[in-house]
Amino acid sequence: MLSERRSGRLAAWGNGLLAGLVSPDDAVLAIVGEDAVHRVEGLPGESAAVGLTLALGRLRSLGVTGLRVALPAPGHPLGLSGPPEFNARAMEAEEAVVCYGAALGLVPEVYEAGPEGDVHVEVVWQVLPVREAPPADVPSLGEAERELAEALREATEVLSRLDVAGSGPVAEAALDAYRARAERGREVLAPGYPPRAVRVLELAQRVGLLVSLAYENGHGAAVTSGEMAARSQALRPVERTARRAQVAAYNAYVEERERGVR
């Protein structure tokens, strides 16, 4: 979770474009980010892959009024509603975008080429049919915020005792890079999202970063098998909660539409 999910960028800025709050050029620039190019394949009415601008316009013409995010993991189909083929593709990619207003979903396929330090990244979004049903296990923003606070309280004692809260030069460098991005005013969500969604997403991304650092930073002071199991047991629900909160934040725009707020 050291960078924003591609599905999150597509959903957030796609929603901003669908709402008429951002221009097509600004939306595409934000969605592509540091990648070289994004294309969309399998779009109804198109025989070949098309660019993001055309794809988002075509989705609008097909009745799409909003985009949701799914961030599934093994044993946790977070944000998915089926069918099995789409769920399997999304599970493999660990992310997907589900359309609101049309039974379609998009799963990213990422292709990298070039030497280390100069990697060229292309993303092809595969469009697949989805089942029109409530997404799995997505909390409300309020629930997500409360769960994040509770999970952090419960895990802090164990993580601190086992010395796995993210220490050492690698962890410090990653945290410094995160703080630098935040201080530059990185816009985590597109215009049109409620302030609470921005707050929840920022907290969830920080929590996810710390969990990633704890996993990547060796075993810390957890040297016995029992201590390593305790660390994993402490981190697993925190990571799950952070993913749930990210999905709740990205999906807040569509949830407001469903409640008639917009």
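None of these values were measured; they are calculated from a predicted model.
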If every non-hydrogen atom of [X] is compared with every non-hydrogen atom of [Y], which pair is closest and at what distance?
X	Y	result
W125	H38	NE1-ND1, 3.0 Å
A96	A90	CB-CB, 3.7 Å
L148	A245	CD1-CB, 3.6 Å
V40	V127	CG1-CG2, 3.5 Å
F86	L106	CE1-N, 3.8 Å
L80	A70	CD2-CB, 3.6 Å

Using a distance-only test with no angle check, is there a side-chain donor-acceptor pair under 3.5 angstrom linking N15 and Y250?
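Result is no, nothing qualifies.
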How about E109 and Y111: does a side-chain donor come under 3.5 Å of a side-chain acceptor?
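Judged by distance alone, the side chains do pair up.
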State, with a plain yes or no, whether a side-chain heavy atom of [X] is found less than 4.5 Å away from one of [Y].
X	Y	result
T241	V207	no
R6	V123	yes
V32	V37	no
P24	L56	no
L59	L43	yes
V119	V121	yes
V200	Q246	no
P191	V22	yes

For residues 135-144, which side-chain N or O atoms pair as donor and acceptor with protein atoms under 3.5 Å away, sequence neighbours left out?
residue, atom, partner, partner atom, Å
D137, OD1, R244, NH1, 2.6
D137, OD2, H76, NE2, 2.5
D137, OD2, R244, NH1, 3.1
S140, OG, E143, N, 3.1
S140, OG, E143, OE1, 3.4
E143, OE1, S140, N, 2.8

Heavy-atom donor-acceptor pair, N251 side chain to R68 backbone, under 3.5 Å
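No, N251 side chain to R68 backbone: no donor-acceptor pair under 3.5 Å.
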When you measure from the side chain of S81 to the backbone of R131, do you find a donor-acceptor pair of N or O atoms at a distance under 3.5 Å?
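Yes.
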Transitively linked via ILVMFWY side-chain contacts under 4.5 Å: [X] with [Y]?
X	Y	value
I31	V124	no
L10	M91	no
L201	Y253	yes
L52	V110	yes

Taking atom [atom1] of [X] and atom [atom2] of [Y], what is their separation to the nearest 0.5 Å?
X	Y	atom1	atom2	answer
E95	R243	CD	CZ	12.0 Å
L29	S23	CG	OG	9.0 Å
D26	L17	CG	CG	10.0 Å
R240	L235	CZ	CG	15.0 Å
E41	L128	CD	CG	10.5 Å

Which is it for L18 and V64 under the side-chain contact (heavy atoms from CB on, under 4.5 Å) test, yes or no, and what are the steps along the way?
CA-CA 8 Å; L18 290 170; V64 175; 4.1 Å; yes
Counting only heavy atoms not in E92, do more than 12 sit closer than 6.0 Å to its CD atom?
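12 or below, so no.
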Please determine whether the number of non-hydrogen atoms from other residues, nucleotides or ligands lying under 6.0 Å from atom CD of Q126 exceeds 12.
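Counting other residues, nucleotides and ligands, CD of Q126 exceeds 12 neighbours.
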Determine, for R146 against E150, whether the closest basic-nitrogen to carboxylate-oxygen distance falls under 4.0 angstrom.
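No, no charged N to carboxylate O under 4.0 Å.
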Salt-bridge test for R39 and E122: reply yes if a basic N is under 4.0 Å from a carboxylate O, no otherwise.
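Judged by the 4.0 Å cut-off on N to carboxylate O distance, R39 and E122 do form a salt bridge.
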Show every donor-acceptor pair shorter than 3.5 Å between a side-chain atom in residues 97-104 and any protein atom, with sequence neighbours excluded, or say none if there are none.
none

